[in-house]
Protein chains: 4
Amino acid sequence: MRKIPRQARSRAMVERLLAAGRDVLVTDGYDAFTTNRVATRAGVSPGSLYQYFPDKGAIVEAVADRWLDELAERVAASLTDHLGAPGPVLVRGTLEALLDALEDDPELLRVVATELPLSRYRDRRQALRRRVADIATAGLAGPSGARRPDPATAAWVLVVAVEALSMQWVLEPPAPRRGESVEEQRSRIIDELTDLCLGYLLGQPSAAAPTGSRVAPRSEDRENV
Amino acid sequence: MRKIPRQARSRAMVERLLAAGRDVLVTDGYDAFTTNRVATRAGVSPGSLYQYFPDKGAIVEAVADRWLDELAERVAASLTDHLGAPGPVLVRGTLEALLDALEDDPELLRVVATELPLSRYRDRRQALRRRVADIATAGLAGPSGARRPDPATAAWVLVVAVEALSMQWVLEPPAPRRGESVEEQRSRIIDELTDLCLGYLLGQPSAAAPTGSRVAPRSEDRENV
Amino acid sequence: MRKIPRQARSRAMVERLLAAGRDVLVTDGYDAFTTNRVATRAGVSPGSLYQYFPDKGAIVEAVADRWLDELAERVAASLTDHLGAPGPVLVRGTLEALLDALEDDPELLRVVATELPLSRYRDRRQALRRRVADIATAGLAGPSGARRPDPATAAWVLVVAVEALSMQWVLEPPAPRRGESVEEQRSRIIDELTDLCLGYLLGQPSAAAPTGSRVAPRSEDRENV
Amino acid sequence: MRKIPRQARSRAMVERLLAAGRDVLVTDGYDAFTTNRVATRAGVSPGSLYQYFPDKGAIVEAVADRWLDELAERVAASLTDHLGAPGPVLVRGTLEALLDALEDDPELLRVVATELPLSRYRDRRQALRRRVADIATAGLAGPSGARRPDPATAAWVLVVAVEALSMQWVLEPPAPRRGESVEEQRSRIIDELTDLCLGYLLGQPSAAAPTGSRVAPRSEDRENV
DNA sequence: CATGAATGAGACTTCATTCAT
DNA sequence: AATGAATGAAGTCTCATTCAT
């Protein structure tokens, strides 16, 4: 009704649909995520939906993608920001950024991680991982003090571990200690994860033996990493 | 058909259905997992299926549960086995056991982790985690040399991280290093995870976190873990 | 409820569905031929329909096929019956049989010929044509007095012409002559068609010149028809 | 865009739409004939289409009509041209004209005859038939040497038969004779159809049919044809 | 207990048509 | 007159579940 430029109108419609999609997902769950419901929630007719998305799956994906993009943006920004900083600061900063981002829309996180068939958003999720891992790899390869023999592997390890832990923290945090407030617990968990990362990065790597099963006291070997 | 005790017949039927369920899941995917198909694959009529499972979801759950139980058994066994062993041996042993278990039916792992709505098997998965975490907590609480202030949290951290990394390794391993064989890579990854765990357990806990308003004097509290 | 053998029950269901299909087609037209309507008319649930037909098109086809089969049967029978008879008798008999058959269910004929996309029943229709044409070709090749140089072509010509004329007669007969009853007209039309066929078969073929345009004054030749 | 008189612009638009309609019909088939597609193909918005046609059906009809009109024009012209000519020449000429006309746009013929619900263009088709039949009736009524008792019926018979045969020839011609070229076959078929027509027109009418209750003394009636 | 035909709610999607701009 | 986004009725088909045999 207003003088909304064509392009903008489309954009607005997409936004409405995505918002409705997120809403349905969060309040009704993935099983109730029907095209008609999304359309209704968006205050649109079912047909309209198909002018903007080829099919139902595309909407779910778009919702997930958007969320993941936001996440990636935040984390990557923080990571880049702290890139020069000393290890602990960088790690802590990144962890904080990640938790902040994940806690931004915990309900959506819950649905995405819990009800969505992973295949629906696997690619984007991997892209996120790779992006973060790449930055981290670069950071580790520099004069960071990290002793890991293979920065790429180290980045992979940390990214996967941290991702899982952060999500788990948001979705199902462990029982807090007696008398501990949530904030305290959160802060403590970040400490723990920081320790995890730094202990891994700065600790004595076990020698990178090529094949056989190592184990045992190879402390000497570790020197030459 | 005669001579089979009632109870045993039921048991056999359940087995057939579960086998069929796993089969459908693995070969056709979760989207094609229809009750009719499972029944057909089991050589049973769709009606019979409902004599043994209340609804479709129950079958999926049962399949996942069974798999997770097996997993839990193996890992717990290994963990208990090595309980007295020195840290590195225990950690390595557990990691190997976990990887072995996960690699036992990678196709099912893929479907479960990738296509199944997590809600379908969340409880059992948590049970597994908790079980492992409990044993680990106990171990850490003992004279293991671990310096973590809160064994429960430490166990949580390790369990979540290791679970995620193991699964990721089986499902989408990082690119191997140049000229590296899969076995070599596997072994190397186990080394890395071992380092991750030991670095975390044995490293210097960050007494005071530098960045945020992070609750400085918590060191004393930790004594009583 | 009764002791209807399994096989027979299926058969009965197919019959009901086909009957319902025909009914919908005839009373509501092809545009209103929806799967739900057919199911309802058959007193069945929409899902049941798909246990017997793979999709909507298959029902239409089955209805048309069945009708065409019946038609083919009747005409072929008549044709075979009269095969030894003198030309006029054979032709007349066949025409009568064809008209009888077409007039048996004129409403269905109307819908099939008028509203159905030809492609839905083309194959079966061609089969019918070919069947009749084959018998006719055989008849013409024998000592029938026919002077056609190429029996196959002659059969094709007659089959196509007679089919079109019969259908046209049933669907949109020409205006009857003054005071003529329908029966009289019908009989007259059969006379005409008989003449058409016999005139063609027994008349002087224009020389089978390979290429150029023949024509010429062949009026005398025709005296001896 | 300027300077185009209103009327002419409309005209041009109609033309574009019809052309697009024909195009969609021929290249995509009737099932894909959607208003949106036609509009797109015409480079017009779907809304505009409704400024020139009341609904989808009207476009199909218009396309078919236009084609049939052209057909009618050609055949009628040829028929009128040869009206004074001796029978064989007239018949041959008409047949050639008809085949020429039908072969002019065989793809459209195929779609129209094969995929279009006959009801979409029945009226116009009948008009064509009637028109041709009327001319033919007039011709037969004159001193043409035709011996048919009822020229109107004779015209009806020939028009229907020839129409069906011509279309059949274009759409699914019978197998050619050994070593026969398509041109030769075509020419031969025209010979056959000519024979069919002339044999019918000039042959001995079956005064009294042997079989049925065939209305014996109609000879007088026939005089006044 | 087994069977498997029947059920029927409801999901997704299309497309002819409208109408505000 | 043109546009094209929006509409929404309606159709096809699936599949978890039931129940008479």
Side-chain angles (χ1 to χ4, degrees), chain A residues 1-6 9-10 12-13 31-40 42-57 59, chain B residues 1 4 6 9-10 13 31-40 43-59, chain C residues 1-6 9-10 12-13 31-40 42-57 59, chain D residues 1 4 6 9-10 13 31-40 43-59:
Chain A
M1 248 163 217
R2 241 69 37 60
K3 285 285 177 166
I4 305 175
R6 202 173 309 284
R9 214 191 301 159
S10 293
M13 180 67 112
D31 284 351
F33 187 91
T34 71
T35 51
N36 279 331
R37 191 181 284 235
V38 172
T40 304
V44 207
S45 82
S48 295
L49 189 151
Y50 285 85
Q51 214 135 40
Y52 298 91
F53 296 95
D55 56 24
K56 175 179 154 170
I59 307 176
Chain B
M1 241 162 227
I4 303 174
R6 197 177 313 278
R9 217 194 297 164
S10 294
M13 183 68 113
D31 285 351
F33 188 91
T34 68
T35 49
N36 280 308
R37 193 181 283 235
V38 172
T40 303
V44 186
S45 83
S48 296
L49 188 151
Y50 283 84
Q51 214 102 41
Y52 300 91
F53 296 93
D55 57 22
K56 175 180 157 171
I59 309 175
Chain C
M1 246 163 221
R2 240 69 37 61
K3 287 283 178 167
I4 306 176
R6 203 173 308 284
R9 213 192 302 158
S10 293
M13 181 67 112
D31 284 351
F33 187 92
T34 71
T35 51
N36 279 334
R37 191 180 284 234
V38 171
T40 303
V44 208
S45 82
S48 294
L49 188 152
Y50 285 87
Q51 214 135 39
Y52 299 91
F53 296 94
D55 56 24
K56 176 179 153 171
I59 308 176
Chain D
M1 241 161 228
I4 304 175
R6 197 177 313 276
R9 216 194 297 164
S10 295
M13 182 67 113
D31 284 352
F33 188 91
T34 69
T35 50
N36 280 308
R37 192 181 283 235
V38 171
T40 303
V44 186
S45 82
S48 296
L49 188 152
Y50 283 84
Q51 215 102 40
Y52 300 92
F53 296 93
D55 58 22
K56 176 181 156 171
I59 308 175

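As rounded to whole Å, 14 Å separates atom C1' of F:dC15 from atom CG of A:D31. Rounded to an integer number of Å, the gap from CD1 of A:I59 to P of E:dT13 is 9 Å. If you measure from atom CZ of B:F53 to atom P of E:dC1, you get 14 Å, rounded to the nearest angstrom. In this structure, the OH atom of C:Y52 is 12 Å from the C1' atom of E:dT7, given to the nearest Å. Going from atom CG of B:L49 over to atom C1' of E:dT3 covers 13 Å, rounded to whole Å. Rounded to an integer number of Å, the gap from OH of B:Y50 to P of F:dT17 is 4 Å. Summarising the geometry, the separation between CZ on C:R37 and P on F:dA9 is reported as 17 Å, rounded to the nearest angstrom. When rounded to the nearest whole Å, the span between CG of D:D55 and P of E:dC15 equals 16 Å.
Phosphate contact (OP1/OP2 of F:dC15, side-chain N/O of B:T35, threshold under 4.0 Å): absent.
For F:dT12, the paired nucleotide is E:dA11, the pair qualifying as Watson-Crick or G-U wobble because both relevant distances are below 3.5 Å. Remark: F:dT21 base-pairs with E:dA2; criterion is Watson-Crick or G-U wobble with both hydrogen-bond distances under 3.5 Å.
Across F:dC13, F:dA6, E:dG8, the shortest atom-to-atom separation from the side chain of C:S45 is found for E:dG8. Here the nucleotide nearest the side chain of B:Q51, chosen from F:dT17, E:dT3, E:dT7, is E:dT3. Listed nucleotides E:dT3, F:dG8, E:dA6 differ in distance to B:V44; the shortest reach to its side chain belongs to E:dT3. The listed nucleotides are F:dA6, E:dT17, E:dA2; the one nearest the side chain of B:S48 is E:dA2.
The nearest pair of heavy atoms linking C:S48 to C:M13 is CB-CE, 3.9 Å. The shortest non-hydrogen separation linking A:P46 to A:N36 is CB-OD1, 3.2 Å.
Annotation: the span from B:T35 atom OG1 to B:Y50 atom OH amounts to 4.0 Å, rounded to 0.5 Å.
Nearest-nucleotide positions on DNA chain E place B:G47 closer to the 5' end than the other of A:G57 and B:G47. Each of A:P54 and D:P46 lies near DNA chain E, and the nucleotide nearest A:P54 is the one positioned closer to the 5' end.
Counting non-hydrogen atoms under 4.0 angstrom, C:F33 reaches the backbone sugars and phosphates but no base. Within the 4.0 angstrom heavy-atom criterion, base atoms lie near C:N36. Heavy atoms of B:T34 sit under 4.0 angstrom from primed sugar atoms or phosphate atoms, though from no base atom.
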